[in-house]
Visitor: 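Could you have a look at this structure, given as structure tokens, before my questions?
In the text below, chain A, chain B and the rest are named by the order of the sequence lines, each starting its count at 1. All figures in this text were calculated on a predicted structure; none of them were measured in a lab.
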Protein chains: 2
Amino acid sequence: MDQTGEEDGTGAGSAPRRTRIQQKNREAILEAALEVFSQHGFRGATVDQIAQAAGLSKPNLLYYFPSKEAIHIELLSTLLDTWLAPLRRLDPEGDPKAEILAYMHRKLEMSRTLPRESRLFANEMLQGAPRMKDMLEGDLKALAQDKAAVIARWSDEGKIAAVDPYHLIFAIWALTQHYADFEVQVRAILGPDHDPFSEADTFLTTLFNRLLAR
Amino acid sequence: MDQTGEEDGTGAGSAPRRTRIQQKNREAILEAALEVFSQHGFRGATVDQIAQAAGLSKPNLLYYFPSKEAIHIELLSTLLDTWLAPLRRLDPEGDPKAEILAYMHRKLEMSRTLPRESRLFANEMLQGAPRMKDMLEGDLKALAQDKAAVIARWSDEGKIAAVDPYHLIFAIWALTQHYADFEVQVRAILGPDHDPFSEADTFLTTLFNRLLAR
DNA sequence: TGTTTGTTTGACCACGCGGTCAGGATGAGG
DNA sequence: CCTCATCCTGACCGCGTGGTCAAACAAACA
């Protein structure tokens, strides 16, 4: 009766097989949860808030997800994929400087269009990544190592100036996510007549151009 | 050491006039609260946790502070001062590039030695700065405008390469605070045999040298 | 010493929270 | 129309939480 087919992460290839209503409501819940979690953090969010934002009653929401934590976990695991996509697209065969700049642009664009996801991620990191640590040391670490090696090669070959590839990646993360995570601060300082993201775009382009020029 | 004689929020100039015990316990509470709030966020922290960490009973803690929120607010308002100190020391009469690099170093050093403060601040920003917005638009904005003007002058005079002064400041904030706020992520990627902060120091030195060189 | 002021505590309360449950409404297929 | 699985809800529960209070305890000081 109450069993909503759950992939569970471990189960691997079992198809969820959901009805139209399930599909729609699960989406609404995840969307609402993203909104609420990213704004108040895990502990600060209540299931009632999420349910209301999703247009459901609390028991009805619990009909689709076994617990508040389950929603959070599902949100995080799907998030990591989207989050790493821009880095995955960094092409080892492309033009080095253009590739890195393009990656930075993709990342900045994500901060602009998906600030809630950025904040959700930041929240999790701040707490010490209690529910993501394994993912960090798995997919994330592997991908970072992979792409860092590419950048290191470019450095060695003299295609770009010498830089620590890991910290270059960190720099891109820090600089782009800052505009989403600390948006209040940025706007408080710049005032209402500025477009932080477009300004950031030109500033960061200059920054990385000068950093990588040889 | 650090003086904790703080205003009560209401009276502008009223002297607190505290006993030795009050002094000691208030300090212990604020220290404990910093630890707990920075780790779990405001909602995630409980008064019991803070009291225990401070070596007090819950009612006893509430004897020194009227509420959980009062502790949080006091923490935040004293924090902003420490947080802006490095920028305040940026000397308009000093050597431009050296001043900016020195500022970056002070900021990075703060991330290394005061990561809990950094995370507390980050948490507040992520939530949209509900209890700090006025401070942001007050002291912070004023200071940022002041120093941005200095940097802009340096740019105009050709002492450093042309940069947007505001986004240069944002970049320093983002790059340095990242190593405190996202420490788990950084360590997960670099592994245990690295010292993120010393590596960051040399990387950021290079970065800002290249950015500002003309 | 006794009295006043400052400090600490156990017991307690109201409430919001995550989660449950029995059963009612609403489909979709026959 | 009936049937059955899916969907939804009001009422409820236990617990953790922020905060209170009267009373016990400790200092200070005369």
Visitor: Determine the contact category for B/A45: base if any of its heavy atoms lies under 4.0 Å from a base atom, sugar-phosphate if only primed atoms, P, OP1 or OP2 are that close, otherwise nothing.
Guide: sugar-phosphate
Visitor: Can you check whether B/S57 has a side-chain N or O nearer than 4.0 Å to OP1 or OP2 of C/dT8?
Guide: no
Visitor: Distance-only, no hydrogens or angles: does the A/S111 side chain make a donor-acceptor pair with backbone N or O of A/T176 under 3.5 Å?
Guide: yes
Visitor: Passes salt bridge (charged side-chain N to carboxylate O under 4.0 Å, His left out), A/E31 versus A/R116? Steps please.
Guide: CA-CA 10 Å; A/E31 156 68 24; A/R116 299 176 306 174; 2.9 Å; yes
Visitor: Within this structure, what is the CG-to-P distance between B/L61 and D/dT20, rounded to whole angstrom?
Guide: 12 Å
Visitor: Between B/L62 (CG) and C/dG10 (C1'), how many Å, whole number?
Guide: 14 Å
Visitor: For A/I21 and B/K58, take the nucleotide of DNA chain C holding the closest heavy atom to each; which residue's nucleotide lies nearer the 5' end?
Guide: B/K58
Visitor: For B/Q23 and C/dG6, give me the distance from atom CD to atom C1', rounded to whole Å.
Guide: 16 Å
Visitor: Would you confirm whether the ring centroid of B/F42 sits within less than 6.0 angstrom of the ring centroid of A/H40?
Guide: no
Visitor: Hey, does the side chain of A/N60 come within less than 4.0 Å of D/dT9's phosphate (OP1/OP2), counting only N and O?
Guide: yes
Visitor: So B/Y64, base contact, sugar-phosphate only, or nothing? Heavy-atom distance under 4.0 Å.
Guide: sugar-phosphate
Visitor: Separation of A/Y63 atom OH from C/dA22 atom P, in whole Å?
Guide: 16 Å
Visitor: May I ask you to verify whether the side chain of A/K68 and the base of C/dG19 hold a donor-acceptor pair under 3.5 Å?
Guide: no
Visitor: Verify the contact: side-chain N or O of B/R20 to OP1 or OP2 of D/dA28, cut-off strictly under 4.0 Å; return yes or no.
Guide: yes
Visitor: Answer with yes or no after comparing the ring centroid distance for A/H105 and A/F208 against a 6.0 Å cut-off, counting only values under it.
Guide: no
Visitor: Out of C/dT7, D/dG10, D/dG19, which has the shortest distance to the side chain of B/Q22?
Guide: C/dT7
Visitor: Which residue lies toward the 5' end of DNA chain C, A/Q49 or A/P59, if each is placed at its nearest nucleotide?
Guide: A/Q49
Visitor: Given atom CG of B/L56 and atom C1' of C/dG10, what is their separation to the nearest angstrom?
Guide: 16 Å
